[in-house]
Amino acid sequence: MTQGESRSPGRRTVLGAAVLGTAALGAGGTAAKANERNSGHGSSYKDLPHPTVIGHRGASGYRPEHTLGSYQLALDLGAHVVEQDLVPTKDGHLVCRHENDITGTTDVAAHPEFASRRTTKSIDGVTLTGWFTEDFTLAELKTLRAKERIPANRQENTLYDGRWAIPTFEEVLRWAEKEGHRRGRPVWLHVETKHPTYFRGLGLGLEERLAGLLRRYGRDRRNSPVFLQSFEPSSMQRMAELVSSPRVVLLSAAGTRPWDFVEAGDPRTVADLVKPEGLKWIASYAQGIGPTLDLIIPKDASGRLTTPTTLVRDAHAKGLILHPYTMRNENTFLPADFRRGTDPNAYGDAFGAFKVYFETGIDGIFTDNPDTGLLAAADFRS
């Protein structure tokens, strides 16, 4: 699956190019001439730049994910939207972690006082052994430090291990408010409820807690600068009853079933939801979908891209926007067509991959490398 031996640009090259590219736009006056949709920050999600670049867990290609350092860097690089994933603590606070299993994203294993908290659980049908946020109070979690989740792929990110604590979502809302005032424009967030059925069964329902925070910080309205998202459609249906903020249903592989469907005995799969009738149902309570990129362009057995599906066209026909996930710069995460050299952790032709996905008509994309995505989006619009 190796394609060529040419060296790909390093992360400093891409980061520097993003800064220079932004400066060049300002110097040339291009940004000043852009229409409101592409200027970036109107009063509706429809006014965001197209395609929208979403910092996946912040700028997780360069900093440990779901830390204030990762969120800040994503914003500083120019990401149009910054993502958070939410899980609860034992005492009901919402914190930002991709999973409630914090074994791989914190230094909890190095804390002997928490050794007895290591346990085995079944989360959405998957058996996991480790440490879980719902077994810790917020005060206890705050004694831990975040670390890089995939150090084998992102060795440079380990430089920042231990630098940041686990942020609460309220801390992120305050950060976004402060940064919005400083920049003179709202900071857009993309907020996911993780394992909502599982947590509701523990008496730690996510939706009501999230809605309360959104109301407190004025992000509960139809034109608020926030997207809400979940892999469980019922979570977005519940959020639709609590707040008016824009909602997105995340969609995994075609043959999978959302866990709330499993629990409710609903036989539909993602393959059913991406059909016109399924999309019509989603559009009755949500404004968009967040499909895996393979639902946009499937791959063959060798990992190469094939022919795009009709999902973009079909979703747009139902009035839904599409924010697929996830683009990353490293060879190991790219379609085989765009891998360069033999090092799986070296950067491949990410710009080429972005271009192909943008050409399908998607409205935005999640990426671990917002600077790369922004340059690719600028190239696509030029």
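This one's a predicted model, so the numbers in the text were calculated from it and none came from an experiment.
Residues Val95 and Val87 are in side-chain contact: their nearest non-hydrogen atoms beyond the backbone lie under 4.5 Å apart. Leu86 places none of its side-chain heavy atoms less than 4.5 Å from the side chain of Lys194. Using a 4.5 Å heavy-atom cutoff, the side chains of Leu214 and Leu210 are in contact.
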### Task
Before giving the answer on side-chain contact (heavy atoms from CB on, under 4.5 Å), spell out for Leu141 and Thr106 the whole-Å C-alpha distance, their side-chain angles and the decisive distance to 0.1 Å.
CA-CA 9 Å; Leu141 280 183; Thr106 72; over 6 Å; no

### side-chain hydrogen bond (donor to acceptor under 3.5 Å, both in side chains) between Thr193 and Ser235, intermediate numbers included
CA-CA 7 Å; Thr193 59; Ser235 183; 2.9 Å; yes

### Task
Any chance you could lay out the side-chain contact (heavy atoms from CB on, under 4.5 Å) test for Val274 and Leu311, step after step, and finish with the verdict?
CA-CA 7 Å; Val274 297; Leu311 180 56; 3.8 Å; yes

### Task
Decide side-chain contact (heavy atoms from CB on, under 4.5 Å) for Val270 and Leu295; before the verdict, give the C-alpha distance in whole Å, the side-chain angles of both, and the deciding distance to 0.1 Å.
CA-CA 10 Å; Val270 170; Leu295 292 174; 3.9 Å; yes

### Task
Walk me through it: do Asp220 and Ser245 pass the test side-chain hydrogen bond (donor to acceptor under 3.5 Å, both in side chains)?
CA-CA 5 Å; Asp220 60 320; Ser245 316; over 6 Å; no

### Trace of the ring pair (Phe, Tyr, Trp, His ring centres under 6.0 Å) decision for Phe114 with Phe136
CA-CA 9 Å; Phe114 298 135; Phe136 292 78; 5.0 Å; yes

### Query
Does the side-chain contact (heavy atoms from CB on, under 4.5 Å) test come out yes or no for Trp175 and Tyr71, once each step is laid out?
CA-CA 9 Å; Trp175 164 81; Tyr71 299 152; 3.7 Å; yes

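Among residues two or more places apart in sequence or in another chain, the ring-ring contact (aromatic ring centres under 6.0 Å, His included) test is passed with Phe169 by none. Here Ser224 pairs with Arg219, Arg221, Val226 under the side-chain contact (heavy atoms from CB on, under 4.5 Å) rule; sequence neighbours left out. Every residue meeting the side-chain contact (heavy atoms from CB on, under 4.5 Å) condition with Ala315, not counting sequence neighbours, appears here in chain and number order: Leu279, Ile289, Leu320, Leu322. In terms of the side-chain contact (heavy atoms from CB on, under 4.5 Å) criterion, residue partners of Arg257 (sequence neighbours excluded) are, by chain and number, Val262, Thr269.
In this structure, a donor-acceptor pair under 3.5 Å is present between the side chains of Thr197 and Glu232. A donor and an acceptor atom, one from each side chain of Thr105 and Glu65, are nowhere located under 3.5 Å apart. A donor-acceptor contact closer than 3.5 angstrom is absent between the side chains of Asp300 and Thr306. Remark: the Thr127 side chain and the Ser122 side chain contain no N/O donor-acceptor pair separated by less than 3.5 Å. Between the side chains of His316 and Asp363, at least one donor-acceptor pair of N or O atoms lies under 3.5 Å. For the 3.5 Å distance criterion, the side chains of His98 and Arg149 fail to qualify, holding no donor opposite an acceptor.
Checking Val249, Asp266, Leu250 one by one against Pro233, the side chain to side chain contact (heavy atoms under 4.5 Å, CB included) holds for a single residue, Val249.
For Arg216 and Glu170, the salt-bridge test passes: some basic side-chain N is under 4.0 Å from an acidic carboxylate O. Remark: Glu148 does not engage Arg63 in a salt bridge, criterion side-chain N to carboxylate O under 4.0 Å. Contact check on Arg174 versus Glu177 returns no salt bridge, with no Lys/Arg side-chain nitrogen under 4.0 Å from an Asp/Glu carboxylate oxygen. Of the charged side-chain nitrogens involved, at least one lies within less than 4.0 Å of a carboxylate oxygen, so that Arg200 and Glu208 count as a salt-bridged pair. Contact check on Asp107 versus Lys147 returns no salt bridge, with no Lys/Arg side-chain nitrogen under 4.0 Å from an Asp/Glu carboxylate oxygen. The existence of a salt bridge linking Lys280 and Asp314 is excluded, since no basic side-chain nitrogen approaches an acidic carboxylate oxygen closer than 4.0 Å. In summary, Lys299 and Asp294 engage in a salt bridge, as defined by a charged side-chain N under 4.0 Å from a carboxylate O.
With hydrophobic clusters built from ILVMFWY side chains whose heavy atoms lie under 4.5 angstrom apart, Leu189 shares a cluster with Leu213. Met239 and Val191 fall within the same hydrophobic cluster, where Ile, Leu, Val, Met, Phe, Trp and Tyr residues are linked whenever their side-chain heavy atoms come under 4.5 Å apart, directly or through other members. Residues Ile321 and Trp188 are members of one and the same hydrophobic cluster, defined by side-chain heavy-atom contacts under 4.5 angstrom among Ile, Leu, Val, Met, Phe, Trp and Tyr. In the hydrophobic clustering of ILVMFWY residues, with side-chain heavy atoms under 4.5 Å counting as a link, Val356 and Leu374 come out apart. No single ILVMFWY cluster, assembled from side-chain heavy atoms under 4.5 Å apart, contains both Trp164 and Leu73.
Not less than 6.0 angstrom separates the ring centroid of Tyr62 from the ring centroid of Tyr160. A distance of 6.0 Å or more separates the ring centres of Phe231 and His195. Annotation: Phe227 is in aromatic contact with His323 [ring centroid separation under 6.0 Å].
Contacts classified as salt bridge (charged side-chain N to carboxylate O under 4.0 Å, His left out) and involving residues 120-146 (residues at least two apart or in different chains) are given here: Arg117-Glu140, Lys121-Glu134, Lys121-Asp135, Lys142-Glu171. Annotation: ring-ring contact (aromatic ring centres under 6.0 Å, His included) contacts involving residues 269-305, sequence neighbours excluded, comprise Trp281-Tyr285.
Between the NE2 atom in His80 and the NE2 atom in His50 there is a gap of 11.5 Å [rounded to 0.5 Å]. Taking CZ of Arg154 as the reference point, atom CG of Asn329 lies at 8.0 Å (rounded to 0.5 Å). Lys90 NZ to Thr133 OG1: the interatomic distance, rounded to the nearest 0.5 Å, is 12.0 Å.
Residue Arg222 places its CZ atom among 12 or fewer non-hydrogen atoms of other residues, nucleotides or ligands, all under 6.0 Å distant. Crowding of Glu113 atom CD: a count of heavy atoms from other residues, nucleotides or ligands under 6.0 Å exceeding 12.
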